[in-house]
Amino acid sequence: MIRKEEVFKIGQFAKPHGIKGEISLVTNCDLFDDVEDPCIICEMDGILVPFFIEEYRYKTDTVMLVKLENVDDEKAAREFTNREVFFLLEDADEEDLVGDMSWDSFIGYTVIDERHGELGKITDVDETTINVLLQIDHHGNELLLPAVEELITAADHENKTLRVSVPEGLLDL
């Protein structure tokens, strides 16, 4: 059985494409190129279920057309519309993960700053503004940290920690 901590979100299915079972996957990752028999994970009735990819092709920079095994018509493909798509952590290279993971994949991670130590756990991701913010429970108070790769020095997915280097004065805001 696959657990939530064993996967990370890579995108979301949009709508079926054509009548042969292809589905549009909105994603900014290219992880499938690095794996011999790629599979994706979707939550179905509360359970994380693997689906093996028969073939895929890029439609645009952010949309792939994916054909899953045993999904052979538009009706079967429609079952995946608007479902989040996950990838197994064990199938990804550690150095590639931060750039390919969506920010909400870090919910539950403990944030540790180089100078200030442990800041707290990420409780949510605020995408309502032009700048995405990580919401951190900092001793009962909400701390907002810009979600930018430049602040991250290391991500330990096994221990669910995110090491950051916060610029001087940012935590005082």
How many angstroms lie between atom [atom1] of [X] and atom [atom2] of [Y], to the nearest 0.5 angstrom?
| X | Y | atom1 | atom2 | result |
| --- | --- | --- | --- | --- |
| Ile112 | Asn159 | CD1 | CG | 9.0 Å |
| Asp124 | Leu133 | CG | CG | 10.5 Å |
| Ile10 | Phe86 | CD1 | CZ | 9.5 Å |
| Gln12 | Asn82 | CD | CG | 5.5 Å |

Kindly say whether [Y] contributes a backbone atom to a donor-acceptor pair with the side chain of [X] at under 3.5 angstrom?
| X | Y | result |
| --- | --- | --- |
| Thr62 | Val26 | no |
| Glu69 | Glu54 | no |
| Arg115 | Val166 | yes |
| Lys4 | Phe8 | no |
| Asp73 | Lys20 | no |

Is the shortest side-chain heavy-atom distance between [X] and [Y] below 4.5 Å?
| X | Y | result |
| --- | --- | --- |
| Pro16 | Ile23 | no |
| Val49 | Glu43 | no |
| Cys42 | Phe13 | yes |
| Val66 | Leu68 | yes |
| Lys121 | Lys160 | no |
| Glu74 | His17 | no |

Same cluster or not: are [X] and [Y] linked, directly or through other Ile, Leu, Val, Met, Phe, Trp or Tyr residues, by side-chain heavy atoms under 4.5 angstrom apart?
| X | Y | value |
| --- | --- | --- |
| Val148 | Leu143 | yes |
| Leu144 | Tyr109 | no |
| Ile107 | Leu162 | yes |
| Phe52 | Met64 | no |

Contact summary for [X] and [Y], nearest pair of heavy atoms:
| X | Y | result |
| --- | --- | --- |
| Leu65 | Ser24 | CD2-OG, 3.5 Å |
| Gly21 | Ala77 | O-CB, 3.8 Å |
| Pro167 | Leu151 | CD-CD2, 3.5 Å |
| Ser165 | Thr153 | CB-CG2, 3.9 Å |
| Ile136 | Gly120 | CG2-C, 3.6 Å |
| Glu6 | Met1 | OE1-O, 3.9 Å |

> Does a side chain donor of either Gln135 or Thr123 reach within less than 3.5 Å of an acceptor in the other side chain?
Replying inline: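 Note: Gln135 and Thr123 side chains miss the donor-acceptor criterion.
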>> Is there a side chain to side chain donor-acceptor pair (under 3.5 Å) between Lys15 and Thr81? Walk through the geometry before answering.
In response: CA-CA 5 Å; Lys15 58 182 183 173; Thr81 300; over 6 Å; no
> So, Phe80 versus Phe51, ring centres under 6.0 angstrom or not?
Replying inline: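 Distance test on ring centres: under 6.0 Å, yes.
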> Can you tell me if CZ on Arg163 sees more than 12 non-hydrogen neighbours from other groups inside 6.0 Å?
Replying inline: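 Check fails, neighbour count at 12 or below.
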> How about Ile2: does its CD1 atom have over 12 heavy atoms from other parts shown lying under 6.0 Å from it?
Replying inline: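 Yes - once you tally the heavy atoms of other residues, nucleotides and ligands closer than 6.0 Å, there are more than 12.
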>> I'd like to know if Lys9 pairs up with Glu84 as an ion pair, taking the criterion as any Lys NZ or Arg NE/NH1/NH2 lying under 4.0 Å from an Asp or Glu carboxylate oxygen.
In response: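 The answer is yes: the pair qualifies as a salt bridge.
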>> With side chain to side chain contact (heavy atoms under 4.5 Å, CB included) as the criterion, how do Leu25 and Val85 come out once you've worked through the C-alpha distance, each side chain's angles and the decisive distance to 0.1 Å?
In response: CA-CA 8 Å; Leu25 170 61; Val85 178; 3.5 Å; yes
> How far apart are the C-alpha atoms of Lys67 and Arg57, what are their side-chain angles, what is the distance that settles it, and do they pass the side chain to side chain contact (heavy atoms under 4.5 Å, CB included) test?
Replying inline: CA-CA 9 Å; Lys67 170 68 176 75; Arg57 59 192 164 103; over 6 Å; no
> Hey, which of Val111, Ile122, Thr161, Val125 is the one that makes side chain to side chain contact (heavy atoms under 4.5 Å, CB included) with Phe106?
Replying inline: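 Among Val111, Ile122, Thr161, Val125, the one meeting side chain to side chain contact (heavy atoms under 4.5 Å, CB included) with Phe106 is Ile122.
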> For the side chain to side chain contact (heavy atoms under 4.5 Å, CB included) test, which of Ile53, Val7, Thr27 pairs with Ile40?
Replying inline: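 With Ile40 as partner, Ile53, Val7, Thr27 yield a single side chain to side chain contact (heavy atoms under 4.5 Å, CB included), made by Ile53.
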